[in-house]
2 protein chains.
Amino acid sequence: MFKKVLIAEDMEDINKGVFSLLTELGVTQIDQVQYCDDAYLKIKRADLDSVPFDLVISDLSFIVDHRSQTYPSGQDLVAKLKTDFPNLKVIVYSVEDRLQAVRTLFNQHHIDAYVCKSRSGLKNLTQAISEIAQGNKFLSPEVSNAFSTENELEIDDYDISLLDHLSKGLSQDEISALYRKENISPASLSSIEKRLNKLRIQFNAKNAIHLVAIVKDLGLI
Amino acid sequence: MFKKVLIAEDMEDINKGVFSLLTELGVTQIDQVQYCDDAYLKIKRADLDSVPFDLVISDLSFIVDHRSQTYPSGQDLVAKLKTDFPNLKVIVYSVEDRLQAVRTLFNQHHIDAYVCKSRSGLKNLTQAISEIAQGNKFLSPEVSNAFSTENELEIDDYDISLLDHLSKGLSQDEISALYRKENISPASLSSIEKRLNKLRIQFNAKNAIHLVAIVKDLGLI
DNA sequence: TGAAACCTTACGGAAAACCGTAATACTCTT
DNA sequence: AAGAGTATTACGGTTTTCCGTAAGGTTTCA
């Protein structure tokens, strides 16, 4: 089990909750920070002093205030941590449930676990810690389909065009008619529905409005 | 009638079309530019040389290319022009038909006319020019309801909350239930529908998806 | 060539959004 | 306190979206 753990989380109550959990799990050395920069400095310092951390549990979003930060978000922090300290285990603990975001964290930043803050967040966090201790990765059930082989995560020009037309206010019927006129295939309403359904699953969107909002945030359209 | 006119428009064919129109209207001194920065420089130069322009006809969107621009968009350009040269008449000629955008141009940047590029775009442009020559303002029929007294253009916190929940994927029914629980009024599905309908009209949105896309672009949520 | 896998289209039912109308409740003025 | 005006809610009907199923078509590969 882990001996020395750092919690990076700006919300004090959540920070405390995670602290309690770690204590219950028998972790004795627990440090807590509310800024990403502090997290990096503490870990760097501990490493230089040859008393490195075993594990970091970090949030993604930190509210910005007067203190200017080198690492404004959890993404920036974990990216830097995993480059500088490859042996350090990293758990991201966040409300974020967009699959694309989760995928990026695993694929590009090589985090060890992703836990969604939710009703059963702490339970999942416990599980994540024990999995990681055994050298495994962990993925919260809420976003478990982020890596399902079913939905290949490719988004092609057709998808973009679809989302773009949707965001311009065209109904699925109108898009179908447009595609027929422009000889774009598939053009049937049914195919368009099917494709949008795939995209909704892929982006964890509840409905078309949510989907468009997500892909706009991602800058896809 | 105007004697010296500048056309700022990056699409060559449209630029030419407007040029022809102006020629037909008897304007002899016509300058054309394809970059906002060039427009500003030409007008500044002409002013310094005491041979100022009477009128600028500008597009809103200019495709970005290798040349970095001080004024990347038509909005930036007209804002600057109207501050530096209050006497200069400005017509915005664009495909943009979002009422909020049009309102901003009139209210904050004090443009003299807004013409939508459409089937009857050049016809409206002619009319706009003649109106402005008489000291009037002009508004393309497509966006004529931008200032209709009916819909007061205030967007309050309730509206924002509504749009935000929508963009998060909540159905109108779910929002209604949420508002009831949180004692936010009005909470009924009917009122929510009504409010969203008002917002759709206000932002010229075809449906809820379109509406959310627009307000996201505006940075309202 | 034949079979499996996949893509496209069609269809039908349930849920949600859209739209007009009307009843009820609240606010403001006189 | 009465009436006008507005806000909120209710309701019904149409359209659109959502979702499962299935038929017809194409591609792939043995």
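What you see is a predicted model; the values in this text were computed from it and never measured. Residue numbers begin at 1 in each chain, while the letters A, B, ... track the order of the sequences.
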Phosphate oxygens OP1/OP2 of D/dT15: is one of them under 4.0 Å from a side-chain N or O of A/Q172? no
* To do: In sequence, state the C-alpha distance, the side-chain angles, and the governing distance for A/K137 and A/I132, and then conclude on side chain to side chain contact (heavy atoms under 4.5 Å, CB included).
  => CA-CA 6 Å; A/K137 303 252 170 185; A/I132 293 183; over 6 Å; no
Sorted by number, residues from residues 174-182 of chain A placing a heavy atom under 4.0 Å from DNA chain D are none
Value for CG (B/L125) from OH (B/Y93), rounded to nearest 0.5 Å, stands at 6.0 Å
Per side-chain hydrogen bond (donor to acceptor under 3.5 Å, both in side chains), B/E9 is matched among B/K117, B/Q34, B/K16, B/Q32 by B/K117
Heavy-atom nearest nucleotide on DNA chain D taken for B/N207 and for B/P186; more 5' hit belongs to B/P186
By nearest-nucleotide position on DNA chain D, the 5'-leaning member of B/S188 and A/R200 is B/S188
Could you check whether [X] pairs with [Y] (Lys NZ or Arg NE/NH1/NH2 to Asp/Glu carboxylate O, under 4.0 Å)?
{"X": "B/D164", "Y": "B/K216", "result": "no"}
{"X": "A/D54", "Y": "A/K89", "result": "no"}
{"X": "B/K80", "Y": "B/D76", "result": "no"}

Considering non-hydrogen atoms only, spot the tightest contact between [X] and [Y] and give its length.
{"X": "A/Y71", "Y": "A/D37", "result": "N-OD1, 2.8 Å"}
{"X": "B/A213", "Y": "A/V212", "result": "CB-CG1, 4.3 Å"}
{"X": "A/L60", "Y": "A/E96", "result": "CD1-CB, 3.9 Å"}

In whole angstrom, give the distance that lies between atom [atom1] of [X] and atom [atom2] of [N].
{"X": "B/I192", "N": "D/dA7", "atom1": "CD1", "atom2": "P", "value": "17 Å"}
{"X": "A/K198", "N": "D/dG20", "atom1": "NZ", "atom2": "C1'", "value": "19 Å"}
{"X": "A/D159", "N": "C/dC7", "atom1": "CG", "atom2": "P", "value": "12 Å"}
{"X": "A/D173", "N": "C/dA10", "atom1": "CG", "atom2": "P", "value": "12 Å"}
{"X": "B/L196", "N": "C/dC18", "atom1": "CG", "atom2": "P", "value": "8 Å"}

Above 12 or not: heavy atoms from other molecules or residues under 6.0 Å from CE of A/M11?
no
So with a 6.0 Å cut-off around CG of B/D156, is the heavy-atom count from everything else above 12? yes
Could you list, one pair per line, each protein nitrogen or oxygen that sits under 3.5 Å from a nitrogen or oxygen of nucleotides 23-28 of chain C, together with the distance?
none

Among D/dT17, D/dT8, C/dC18, the one nearest any side-chain atom of A/S171 is D/dT17
Review point. Side-chain donor or acceptor of B/K194 under 3.5 Å from a matching atom on the base of D/dT8?
Key: no
Per-helix bend value, the helix from C/dT1-D/dA30 to C/dT30-D/dA1, C1' rotation axes over five pairs per end, 10° rounding, shows 30°
Base, sugar-phosphate, or nothing: which does A/S191 touch, judged by heavy atoms less than 4.0 Å apart? base
Taking only nitrogen or oxygen atoms into account, show me every contact under 3.5 Å that the protein makes with nucleotides 11-15 of chain C, one pair per line with its distance.
none

Residues pairing under salt bridge (Lys or Arg N to Asp or Glu O under 4.0 Å) where one sits in residues 199-210 of chain B, two or more places apart or in two chains, turn out to be none
Sorted by chain and number, sequence neighbours left out, side-chain contact (heavy atoms from CB on, under 4.5 Å) with B/S130 holds for B/Q134
Ignoring hydrogens and angles, state whether a donor on the side chain of B/Y179 or B/S191 is under 3.5 Å from an acceptor on the partner side chain.
no
